[in-house]
Amino acid sequence: MRRTAIRAAAVLMAAASPAAAADGDGNFFARGVGAQSCQSYVDAVQGGDPAAYLFRSWINGYVTAQNQVRAETYDLAPDATAESLAAAAARVCARAPEQPFWAAAHALVETARPHRQKAQGDPAEIAWNGRAVSVQPATLRRVQQALKDAGYGIATVDGVYGRNTRQALQAFQRDAGLEETGLPDAPTRARLAY
């Protein structure tokens, strides 16, 4: 049963990514904690086991490798932090604890693919009230669109940080119980979940 699931997932991976590699039957060898069960990850997270850090590092490496081999992809998860990827993996693993951890990582990659950053861009440094963040213009447009969709008074989605965007961010942050920085910082982007 497990070998069939791995073979099926490998076939899906190969279909999703022309650069994915496996043997002629779709089998491949998963290294490190990627070969462990999702239940192992869930247990490590819930138990405060330092091994949870190994899983978190592994998933970041997996996403980096996918950035390298996927066509039209600079970054599959431009708005994700190590913590948000780890939390998302824990949610995927909780739903299917018997699957290998690499399958959960792959599910995250496929979910993120439509929101990927396709090309390298010049990040803009946005400063307000003595703080600064560096974000890609495409990321700022996604933030603006999410704020607009949620009814936070964004009239134009243009990737430009101005007074309306700052005020919308502050209102969202206040409503979400976040620190009101007025900036599209990592906690705000993670909570927007666009």
Side-chain angles (χ1 to χ4, degrees), residues 1-120 136 138-139 141-143 145-146 149-150 176 186-194:
M1 175 80 167
R2 183 168 185 254
R3 174 167 263 145
T4 302
I6 291 174
R7 184 175 297 126
V11 169
L12 287 173
M13 285 178 65
S17 173
D23 69 12
D25 293 327
N27 296 308
F28 65 93
F29 181 74
R31 295 191 175 273
V33 297
Q36 292 188 25
S37 72
C38 267
Q39 187 63 56
S40 297
Y41 177 54
V42 170
D43 291 345
V45 170
Q46 291 176 347
D49 187 336
Y53 177 78
L54 296 174
F55 285 93
R56 188 172 91 174
S57 295
W58 192 93
I59 199 166
N60 279 297
Y62 183 83
V63 171
T64 298
Q66 292 295 308
N67 289 342
Q68 182 182 18
V69 300
R70 295 226 175 200
E72 294 185 33
T73 301
Y74 176 72
D75 190 357
L76 273 163
D79 304 317
T81 63
E83 292 77 18
S84 66
L85 284 173
R91 288 190 299 274
V92 170
C93 281
R95 289 192 302 267
E98 73 288 345
Q99 74 179 337
F101 186 69
W102 69 261
H106 182 68
L108 290 176
V109 163
E110 288 306 305
T111 300
R113 190 166 43 96
H115 308 288
R116 73 191 184 279
Q117 181 179 337
K118 293 182 179 182
Q120 183 177 5
Q136 297 284 336
T139 297
R141 281 191 296 277
R142 285 193 298 275
V143 165
Q145 187 63 56
D149 293 347
T188 303
R189 294 190 318 261
R191 188 67 63 89
L192 278 168
Y194 43 85

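The analysis underlying the following values was restricted to heavy atoms, covering all of them including side chains, and did not include hydrogens, waters or symmetry mates.
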Ring pair (Phe, Tyr, Trp, His ring centres under 6.0 Å), paired with W102, selected from F55, F29, F28: F28
Please round to the nearest 0.5 Å and tell me the distance separating atom [atom1] of [X] and atom [atom2] of [Y].
X   : Y    : atom1 : atom2 : answer
Q66 : D75  : CD    : CG    : 12.0 Å
L54 : I59  : CG    : CD1   : 13.5 Å
T73 : K118 : OG1   : NZ    : 8.5 Å

Residues forming a side chain to side chain contact (heavy atoms under 4.5 Å, CB included) with Q136, sequence neighbours excluded: Q117, P123, T139
pair R113-R70: side-chain heavy atoms closer than 4.5 Å: yes
Validation row: Q99, V92 side chains within 4.5 angstrom (heavy atoms): yes
Side chain R116, main chain E72, donor-acceptor under 3.5 Å: yes
Short side-chain to backbone donor-acceptor contact, D25 and N27, under 3.5 Å: no
For [X] against [Y], the heavy-atom pair lying closest together:
X   : Y    : answer
A44 : A52  : CB-N, 3.9 Å
C93 : A104 : SG-CB, 3.6 Å
C38 : A96  : CB-O, 3.6 Å
Y62 : V109 : CE2-CG2, 3.6 Å

side-chain hydrogen bond (donor to acceptor under 3.5 Å, both in side chains) contacts touching residues 40-51 (sequence neighbours left out): S37-S40, Q39-D43
Salt bridge (charged side-chain N to carboxylate O under 4.0 Å, His left out) pairs, two or more places apart, involving residues 80-94: R56-E83
